[in-house]
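Sequence lines set the chain letters: A, B, ... in the order given, protein chains first and strands last, and positions in each chain run from 1.
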Amino acid sequence: MLAPIIKVDAISKSFGAFKVLDGLSMQVMPGEKLALIGPSGSGKTTILRILMTLEKIDGGHIQIDGEQLYHMERNGQLLAADERHLAKMRQKIGMVFQLFNLFPHKCVMDNVTLAPMLTKGMARGAAEKRAMELLDMVGMADKAKAMPAQLSGGQKQRVAIARALALSPKIMLFDEVTSALDPELVEEVLNVMRKLAAETDMTMLLVTHEMGFAHDFADRVLFFDRGRIVEEGKPDEIFRHPKQERTQGFLKKIIAAGHRV
Amino acid sequence: MLAPIIKVDAISKSFGAFKVLDGLSMQVMPGEKLALIGPSGSGKTTILRILMTLEKIDGGHIQIDGEQLYHMERNGQLLAADERHLAKMRQKIGMVFQLFNLFPHKCVMDNVTLAPMLTKGMARGAAEKRAMELLDMVGMADKAKAMPAQLSGGQKQRVAIARALALSPKIMLFDEVTSALDPELVEEVLNVMRKLAAETDMTMLLVTHEMGFAHDFADRVLFFDRGRIVEEGKPDEIFRHPKQERTQGFLKKIIAAGHRV
Amino acid sequence: MTQWSGYLGLILQGALVTIELTLMGSVLALIMAFLAGIGRLSRFFVLRALATAYIEFFRGTSIFVQLFWVYFVLPLAGISLTPLQAGVLALGLNVGAYAAEVVRGAIQSIGREQYEACIALNLGRWQGMRHVILPQALLVMLPTFGNNAIELLKATSVVSLISLADLTFQAQVVRSQTGNTLMPFTTILVIYFVLALIISWGVRSLERRMARGLDGVRV
Amino acid sequence: MDWDWNFVREILPTLIQGVKITILATLLGSVLAAIVGLAIALARRSPNRAVSRSVGFLAEFIRGTPLLVQLYFIFYVLPDFGILLPPLVAGVIGLGLHYGTYTAEVYRAGIDNVPRGQWEAAKACNLSAGQTWTHIIIPQAIPPMIPALANYFIAMFKETPLLSAITVLELMNQAKSVANTYYRYIEPMTLVGAFFLVISLFSVVLLRWLEHRYGKIER
Amino acid sequence: ADDSKLEQLKAQGFARVAIANEPPYTAVAADGKVSGAAPDVAREIFKRLGVGDIVASISEYGAMIPGLQAGRFDVVTAGLFMKPERCAAVAYSEPVLCDAEAMLVKKGNPKGFKSYEDVAKDTSATIGAPGGGTEEKLALNAGVPRERVIVVPDGQSGLKMLQDGRIDAYSLPVLSINDLVKKANDPNLEVIAPVQGAPVYCDGAAFKKGDEALRDAYDVELAKLKKSGEFAKIIEPYGFSAAAAMSTTRDKLCAAK
Ligand SMILES: Nc1ncnc2c1ncn2[C@@H]1O[C@H](COP(=O)(O)OP(=O)(O)OP(=O)(O)O)[C@@H](O)[C@H]1O
Ligand SMILES: Nc1ncnc2c1ncn2[C@@H]1O[C@H](COP(=O)(O)OP(=O)(O)OP(=O)(O)O)[C@@H](O)[C@H]1O
Ligand SMILES: [Mg+2]
Ligand SMILES: [Mg+2]
């Protein structure tokens with residue numbers, strides 16, 4: 001049997017007195033496409049940020065690709081991971097943010113080549129060749145020399161995707177990558193992601209409020225509520241026949257607000 | 001025959017070299033509920049802002065309730081309106097903004113009573129009594145003493161609606177009043193607006209990307225594109241059987257992006 | 001140093017003068033700040049020009065030069081001020097010019113949407129300014145006003161040049177009468193710092209009180 | 001007392017000597033302030049509490065007390081501890097330290113104003129701490145700081161007359177000495193004032209340009 | 001230009017005098033009370049003129065004459081020595097305090113200064129003097145270039161700068177230097193007094209041009225005081241010589257070149 005690429009084991013996380021994640025466990029198989037849905041504040045963003053090591057955890061364990069993420073073994077003991085270990089683990093993971101977070105002082109090409117050149121010591125030529133392929137894939141090859149400020153939101157987000165891909169991570173995390181976009185620009189980004197899902201065997205975790213897209217994209221859907229996974233299953237099961245009352249209520253509200261499922 | 005309450009006659013408006021409105025004309029009958037839809041940048045917000053006198057026009061005429069908005073007659077001549085004339089005309093119009101624009105340093109009650117007390121010289125007692133009725137109508141009576149910062153987006157928007165109603169305008173303008181809200185909070189605001197539409201005979205102009213709501217709410221739908229009205233008609237006509245290619249394309253995109261029509 | 005305690009008395013007298021100057025200067029600065037700050041945003045060209053000239057002139061020339069001018073040159077034009085008046089005038093006008101820019105910046109920092117809400121609610125220009133814009137802008141100004149007050153406190157030390165017996169001046173006196181440099185200067189440094197701390201503490205608590213309304217329930 | 005152009009012509013060369021020293025002191029002081037400010041800003045970010053706290057307190061102290069008194073201190077008290085500085089050096093150190101505490105705030109704000117998302121994106125790109133600072137944070141933090149830094153250097157320029165208290169023969173001191181020699185105050189003091197005004201009007205233009213050029217970074 | 005100034009002072013009950021911060025010409029006690037030779041004389045004379053008291057404010061030398069011209073003080077009694085240029089700028093009384101010039105140098109007078117000319121000759125020497133003071137002008141007139149005459153704000157600063165080696169000599173009137181040295185109690189200093197070639201100067205009470213009537217009234221009382229011997233009683237405890245002041249006149253001093 002194939003081993004899970006992500007193994008989250010009873011992790012918890014609080015901000016001050018507020019418990020955001022409460023003994024959360026989950027497993028993701030290599031190549032799986034996961035959609036994380038649920039009401040605002042339920043901890044979806046937080047779990048992605050934890051996987052990207054942008055937040056620390058308070059308890060529990062996470063294994064990525066067979067290795068501990070926040071811990072390291074030294075002489076049979078589990079110690080808190082140091083920066084070196086974290087840097088090594090981060091190579092396996094890429095993330096795309098809701099607000100793109102492109103580097104505004106660098107052109108599109110430099111945004112994509114910066115990390116490979118600095119962290120993998122890639123030569124400029126090789127890095128730019130690879131960047132061009134990726135920009136081509138997201139349909140942004142002709143804007144390679146543009147500055148981020150000159151791009152529309154949808155274009156920025158496509159560059160951000162290319163930038164994350166440039167490090168060839170095994171796992172990609174997407175946090176509401178379309179929710180800051182004008183409605184008309186959403187589709188161009190979703191198209192890129194569909195293509196990505198179809199063409200690569202990367203593991204992908206996606207937080208979204210676009211239920212329609214979640215349905216088409218995901219192999220499995222996790223429904224979050226108050227820091228726990230309340231229900232999970234195939235998209236059809238979750239969207240058409242939710243078992244939990246909380247899930248039913250959530251979907252009903254979303255539909256009433258005018259979103260298509 | 002009833003006279004139109006709003007009569008827009010061949011107005012144009014440019015920002016710098018960019019022509020946003022280009023010889024636009026339209027008429028609105030008293031009590032009519034109008035939905036303005038169309039792609040981003042097509043000038044929907046601009047026409048509302050012009051009616052609210054937040055922008056000046058470059059050419060054309062507007063009559064509100066039989067009187068010129070931007071002009072005034074003096075000895076048979078049409079002069080540019082002065083501040084006094086504009087203030088008088090503004091009494092007929094109220095507006096609700098996308099970002100609520102509540103006064104953050106005043107409590108909910110004071111937000112609603114400020115304008116009636118200052119502009120109509122209403123006594124505090126009377127103003128507060130009326131404010132309570134309005135807050136009750138939008139379901140915010142119990143938050144009268146709360147500060148805006150303590151409210152959710154949906155609650156803020158309901159207060160903003162009450163505030164605009166407090167001046168008893170004949171015409172209400174709504175500019176994407178739900179697009180800054182979390183999906184779960186949209187419905188509470190739309191409910192208030194449905195109630196408003198049903199219970200009053202105010203004239204209402206609504207800019208929205210919520211096609212479903214536009215369909216239920218409006219007597220007539222105007223489709224804007226590049227500063228012109230490309231198509232107009234009953235909601236069913238526009239949404240089910242759009243005649244213009246531009247309208248068809250727009251609706252298709254919106255649907256693909258996951259919005260219900 | 002048997003007389004040290006006596007000289008400490010002198011320094012404390014100087015501290016009183018410094019405090020007096022700071023308070024009166026701040027009041028004048030505050031008045032000028034609002035006049036010029038709002039004037040600069042006026043619709044009327046004359047008001048704008050006057051305010052701009054005042055601000056640029058007093059920010060542009062050094063406080064020393066202003067002080068010398070007020071003290072030595074104005075009397076030649078028939079306007080004779082006591083040293084205290086001259087000090088308050090120069091300090092207040094100087095700091096007022098800086099604070100005027102704070103007032104202007106704070107008013108402009110209030111988002112356009114607040115002005116638009118005022119128009120949509122048919123408030124007049126002055127009504128909107130008075131009830132909506134200024135109350136919000138005040139909170140933005142307050143921390144910088146605190147800094148301005150501390151700048152004013154520090155600038156009072158230059159009035160020693162026009163023989164006003166402030167802290168620095170008394171320290172000089174004590175120094176020449178006792179022949180000791182370290183003691184008087186250390187003492188006044190500490191006193192200045194304590195005064196500055198009091199100002200920033202005062203401004204902070206004022207700010208807290210004013211900000212309370214913005215996220216709390218109003219009672 | 002009337003204005004005397006012949007007198008003006010006579011004293012101008014002396015005053016220009018002073019101008020040179022004034023400008024030199026400002027330039028050297030600015031360089032020092034830029035360096036001291038960066039050092040303070042970094043020390044205050046230090047994970048070592050003892051370092052960040054004590055540097056923080058020291059900076060607060062320097063900022064809360066008058067430059068004039070600090071100059072006296074550096075010039076007249078430090079020699080007791082075996083540190084003997086020439087007047088100009090003492091003056092530049094005083095200016096640099098004093099304004100360094102201001103520029104430190106500019107650095108801090110500049111760094112804090114880089115959005116958190118940039119730090120996070122850098123981390124998601126697996127950049128090291130050093131790479132994040134040099135490639136992402138500093139390049140974005142510096143340009144918006146430039147106008148604020150320039151502003152402080154102009155303010156420093158206007159405080160150089162204080163150096164006359166420690167015998168630096170800058171413009172103000174030259175003017176005073178001319179005035180004392182001929183017992184005419186109007187001309188030298190007015191010329192000093194005019195000089196400062198002209199320079200700062202120029203600097204206003206320069207500042208506007210800097211703000212336009214560097215003030216906002218497009219994201 | 002008439003008696004009205006005196007009447008005005010009588011009416012307000014005090015006269016505003018500018019003094020320096022330079023013992024023994026002026027002294028400020030620990031309680032803040034102003035004494036010293038110059039203010040004591042002024043106080044006595046004004047009392048006799050019917051002006052009850054004096055209100056003294058300490059001023060820099062450089063600020064005194066402009067302050068007088070600007071009407072900030074009624075009179076300067078601060079050891080402001082009479083010199084032709086000053087006589088042109090203010091109206092002096094008859095002489096009050098006389099003193100020769102002195103120089104303070106390091107023990108053993110390493111550079112061998114005896115006069116201001118000696119300082120001029122030694123191209124590496126610097127001399128400190130109060131800004132706008134007599135000594136500054138004497139040094140400049142003796143040929144010391146501007147950049148080697150360091151303007152020192154006050155006596156203690158000058159002393160300190162000399163001790164620290166920032167200047168090679170510090171010049172003030174003899175009595176001022178003696179007072180400084182006494183307070184400093186530093187065996188490594190030496191006083192050169194009087195400076196060769198430098199005249200003995202006398203100060204007088206300086207009035208604003210136009211207040212000559214007041215000045216004349218002041219002179220009358222001053223003369224009486226000198227005659228009765230009370231003058232000597234006031235100033236000699238501070239170390240000044242009454243005989244010196246009585247041996248010369250304003251006209252002589254103002255004419256001196
Ligand atoms: N840095 C932080 N400090 C304090 N509280 C935080 C922080 N980050 C997140 N939270 C809180 O943790 C809770 C969970 O946040 P999270 O962003 O994971 O929710 P989410 O499921 O992504 O919601 P949304 O759909 O609104 O993005 C929220 O209540 C949020 O306010
Ligand atoms: N103050 C302004 N200065 C310059 N251009 C402006 C200004 N206001 C609006 N515009 C431009 O005018 C055009 C029309 O704007 P408007 O806000 O009316 O569009 P809209 O139909 O409301 O679009 P959306 O659906 O995105 O709100 C846009 O291209 C916009 O960039
Ligand atoms: Mg989230
Ligand atoms: Mg709009």
B:Met172 side chain reached by B:Leu165 side chain, heavy atoms, under 4.5 Å: yes
Parallel, tilted or perpendicular: rings of B:His71 and B:His61 (30°, 60°): tilted
Donor-acceptor pair, side chain of B:Gln157 and main chain of B:Val177, under 3.5 angstrom: yes
C:Leu93 and C:Gln66: CA distance, side-chain angles, deciding distance, side-chain contact (heavy atoms from CB on, under 4.5 Å) verdict: CA-CA 9 Å; C:Leu93 290 180; C:Gln66 288 158 23; 5.8 Å; no
Residue part contacting chain C, namely of B:Arg49, when any heavy atom lies under 4.5 Å: side chain
Interface residues of residues 105-133 of chain C facing chain B - non-hydrogen atoms under 4.5 Å apart: C:Arg112, C:Glu113, C:Gln114, C:Glu116, C:Ala117, C:Cys118, C:Ile119, C:Ala120, C:Leu121, C:Asn122, C:Leu123, C:Gln127, C:His131, C:Val132
Under 4.5 Å from a heavy atom of chain C, the part of B:Phe97 involved: side chain
C:Thr168 versus C:Tyr192, side-chain donor and acceptor atoms under 3.5 Å: yes
Steps toward side-chain contact (heavy atoms from CB on, under 4.5 Å) verdict (C:Phe169, C:Val17): CA-CA 10 Å; C:Phe169 187 80; C:Val17 173; over 6 Å; no
Presence of salt bridge, C:Arg104 and C:Glu101, under 4.0 angstrom: yes
Winner by heavy-atom pair count (cut-off under 4.5 Å) against chain C, out of B:Ile93, B:Leu118, B:Leu173: B:Leu118
From CD1 (C:Ile19) to CD1 (C:Ile198), nearest 0.5 Å: 7.0 Å
Selection from B:Met95, B:Gln91, B:Lys88 maximising heavy-atom pairs under 4.5 Å formed with chain C: B:Gln91
